[in-house]
Amino acid sequence: MTVFDRTVYRLIGRIPPGRVATYGQIATLLGAPRAARAVGFALKRLPAGSPVPWHRVINARGGISLRANLAGMLSQRILLKREGVRFARDRVSLERYRWPGPHRRPVVRLPALERL
DNA sequence: ATAGTGACCGCGT
DNA sequence: AACGCGGCCACTA
């Protein structure tokens with residue numbers, strides 16, 4: 001569990017039910033627009049049982065990215081549907097469900113300078 | 001310090 | 001619209 005991970009989890013924790021955010025969006029809000037893959041990596045390491053709503057994070061195409069994990073893929077879809085997010089051909093309309101982000105302007109720090 | 005990996009992304013076929 | 005590529009960042013070994 002790294003500092004980056006926790007920062008990611010904290011932000012994701014603010015996504016309200018029924019809304020979604022993309023990996024890239026999370027990265028951008030964190031101040032590192034191109035760290036989308038790193039966000040995915042952080043989520044992969046998310047401890048089971050965490051209160052973090054990981055299922056509200058999807059890829060830029062509105063789809064679910066858990067390729068190697070069929071079970072996880074299905075559960076994510078189910079969790080979203082349970083919150084009212086509708087799927088159309090394995091995809092959700094980002095235009096419709098995208099989380100605007102914490103209206104707070106500055107957003108979380110940690111561009112990429114968390115060196116010890 | 002170096003190289004390899006991936007729950008990504010955008011652009012060009 | 002679906003693929004293929006190359007680029008990117010943080011993490012690991």
Side-chain angles (χ1 to χ4, degrees):
Chain A
M1 177 81 77
T2 68
V3 178
F4 179 78
D5 290 336
R6 271 193 287 274
T7 307
V8 168
Y9 301 156
R10 188 173 55 182
L11 179 56
I12 292 177
R14 302 184 60 167
I15 305 175
R19 311 233 73 167
V20 300
T22 67
Y23 297 94
Q25 186 184 342
I26 295 300
T28 297
L29 288 171
L30 282 159
R34 312 181 196 168
R37 299 191 78 173
V39 171
F41 187 79
L43 279 180
K44 186 172 70 174
R45 308 267 286 94
L46 179 68
S50 298
V52 179
W54 58 271
H55 61 284
R56 294 175 192 149
V57 183
I58 60 181
N59 62 41
R61 290 155 205 175
I64 292 175
S65 288
L66 298 162
R67 338 176 174 179
N69 185 348
L70 265 297
M73 190 173 103
L74 289 178
S75 65
Q76 176 166 16
R77 185 162 174 157
I78 292 174
L79 287 169
L80 285 175
K81 238 188 156 176
R82 181 183 297 169
E83 299 181 348
V85 177
R86 313 285 290 292
F87 280 73
R89 292 196 187 95
D90 297 336
R91 301 205 184 169
V92 311
S93 166
L94 287 172
E95 193 179 318
R96 194 162 119 160
Y97 299 104
R98 188 194 290 278
W99 174 51
H103 6 324
R104 285 303 164 71
R105 185 42 25 69
V107 198
V108 196
R109 44 280 184 191
L110 180 68
L113 332 172
E114 222 57 38
R115 299 306 179 202
L116 309 178

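Chain A is the first sequence line, chain B the second, and so forth, proteins listed ahead of strands; every chain is numbered from 1.
In this entry the distance linking CG of A:Asn59 with P of C:dA2 reads 13 Å, nearest Å. When the C1' atom of B:dC9 is taken as reference, atom CZ of A:Arg91 falls 13 Å away, rounded to whole Å. Going from atom CG of A:Asp90 over to atom P of B:dA7 covers 18 Å, rounded to whole Å. When rounded to the nearest whole Å, the span between OH of A:Tyr23 and C1' of B:dC8 equals 8 Å. When rounded to the nearest whole Å, the span between CZ of A:Arg37 and P of C:dT12 equals 16 Å. Straight-line distance from the CG atom of A:Asp5 to the C1' atom of C:dC9: 13 Å, rounded to whole Å. A:Ile26 has its CD1 atom 16 Å from the C1' atom of C:dA10, to the nearest Å. The distance from atom CG of A:Leu43 to atom P of B:dC8 is 10 Å, rounded to the nearest whole Å.
In terms of position on DNA chain B, the residue among A:Ala38 and A:Gln25 whose nearest nucleotide sits closer to the 5' end is A:Ala38. Between A:His55 and A:Arg61, it is A:His55 whose nearest contact on DNA chain B lies nearer the 5' terminus.
A heavy-atom distance below 4.0 Å to DNA chain C is reached by none of the residues of residues 76-84 of chain A.
The listed nucleotides are B:dA7, C:dA10, B:dG10; the one nearest the side chain of A:Phe4 is C:dA10. Closest approach to the A:Arg34 side chain among B:dA7, C:dC11, C:dC8 is made by C:dC8 (side chain taken as heavy atoms from C-beta onward). Among the nucleotides B:dC9, B:dA7, C:dC9, the one closest to any side-chain atom of A:Trp54 is B:dA7.
Taking CD1 from A:Ile12 and CG from A:Leu46, the interatomic distance works out to 8.0 Å, rounded to the nearest 0.5 Å. One finds the CD1 atom of A:Ile58 at 8.0 Å from the CZ atom of A:Arg98 (value rounded to the nearest 0.5 Å). Rounded to the nearest 0.5 Å, atoms CZ (A:Phe87) and CD1 (A:Ile78) are 10.0 Å apart. The CG atom of A:Asp90 sits 14.0 Å away from atom CZ of A:Arg61, with the distance rounded to the nearest 0.5 Å.
Proximity of a side-chain donor or acceptor of A:Tyr9 to a complementary backbone N or O of A:Pro51 within less than 3.5 Å is not detected. A donor-acceptor contact shorter than 3.5 Å links the side chain of A:Arg19 to the backbone of A:Arg96.
Within 4.0 Å (heavy atoms only), A:Arg89 reaches no atom of the nucleic acid at all. A:Phe41 comes within 4.0 angstrom of the backbone, heavy atoms only, and of no base.
Side-chain contact between A:Thr2 and A:Arg45 is absent, with no heavy atoms from C-beta onward closer than 4.5 Å.
Between the side chain of A:Arg45 and the base of B:dG6 there is no donor-acceptor pair of N/O atoms closer than 3.5 Å.
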